[in-house]
Amino acid sequence: MTLAVSAPTTPKKQKSHRRRPERADVEAAVRLLIEWSGDDPDREGLIDTPARVVRAYEEFFEGYNTDPAEILARTFEETNGYDDIIVLRNMRLESHCEHHIVPIIGKVHVAYLPAKRVVGISKLARVVEVFAKRLQIQETLTSQIADTIQEVLQPRGVAVVIEASHMCMTTRGIKKPGVSMVTRRLLGEFQTDKELRREFLTSLSMSTRSA
């Protein structure tokens with residue numbers, strides 16, 4: 001297991017000036033890849049594969065079509081004075097490595113300390129999903145999730161930890177199955193308050209033992 005702590009960043013702004021290729025062109029590109037791999041794209045089992053791949057890519061990378069900040073826009077102030085840590089543990093992560101376009105599979109833990117207002121927990125999961133449904137490296141993904149929550153909700157602190165396996169390492173290249181990578185991003189009081197940080201990280205290890 002490796003541990004990487006990402007440096008401060010702001011969420012990436014997606015480039016919008018590029019012309020999106022036509023669907024037929026993308027299907028032709030997939031067909032070319034099949035031929036390059038050594039198979040016949042006209043055989044029965046592969047004839048519809050280019051269209052299937054394009055549809056799959058629409059699902060894999062649908063995060064480019066959503067603004068994660070808008071997801072967090074609706075918040076609630078009626079919390080009866082609740083001001084303690086809020087944690088979502090063990091959210092499944094499915095993303096794709098931007099270097100080889102192969103899966104990154106793991107789980108995400110998100111915590112924040114509210115400052116007068118909270119957000120629906122499903123919204124936090126959707127923010128994770130939006131950023132995961134883009135080409136990524138794990139370090140950037142970790143920072144994007146944490147920084148967006150901090151920027152929009154302005155809580156007293158945010159913590160994000162991701163544990164994931166990278167198929168670019170386990171199925172090709174060095175081929176080391178069973179290896180996971182851990183990244184974390186700690187902001188506000190999670191960064192400055194050692195006891196709070198220890199409480200959060202301990203809760204993650206407890207969830208792992210009980211799984």
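By the 4.0 Å N-to-carboxylate-O rule, Arg184 lies too far from Glu163 to be salt-bridged with it. A salt bridge links Arg43 to Asp39: at least one charged side-chain nitrogen sits closer than 4.0 Å to a carboxylate oxygen. Salt-bridge annotation for Arg198 and Glu195: present, with a side-chain N of the basic residue lying under 4.0 Å from a carboxylate O of the acidic one.
Counting only N and O atoms by type, the side chains of Thr183 and Gln138 include a donor and acceptor under 3.5 Å apart.
In this structure, Cys97 and Gln136 have side chains that are not in contact, with every pair of non-hydrogen atoms separated by 4.5 Å or more. Residues Arg23 and Glu58 have side chains in contact (heavy-atom distance under 4.5 Å, counting atoms from C-beta outward).
Shortest non-hydrogen contact noted between Pro50 and Val30 is CA-CG1, 3.7 Å.
Note: Leu153 CG to Lys116 NZ = 15.0 Å, rounded to the nearest 0.5 Å. The NE2 atom of His166 lies 12.0 Å from the OG1 atom of Thr171; values are rounded to the nearest 0.5 Å.
Side-chain atoms of Arg156 come within 3.5 Å of backbone N or O of Asp83 as a donor-acceptor pair. Under the 3.5 Å distance criterion, the side-chain polar atoms of Arg197 are matched with a main-chain donor or acceptor of Gln191.
The environment of CD1 in Ile105 is crowded: more than 12 heavy-atom neighbours from other residues, nucleotides or ligands sit within 6.0 Å.
Using a 30° and 60° split on the angle between ring planes, Phe60 and Tyr57 fall in the tilted class, from 30° to 60°.
Remark: Glu35 pairs with no residue by the salt bridge (Lys or Arg N to Asp or Glu O under 4.0 Å) rule, at least two apart or across chains.
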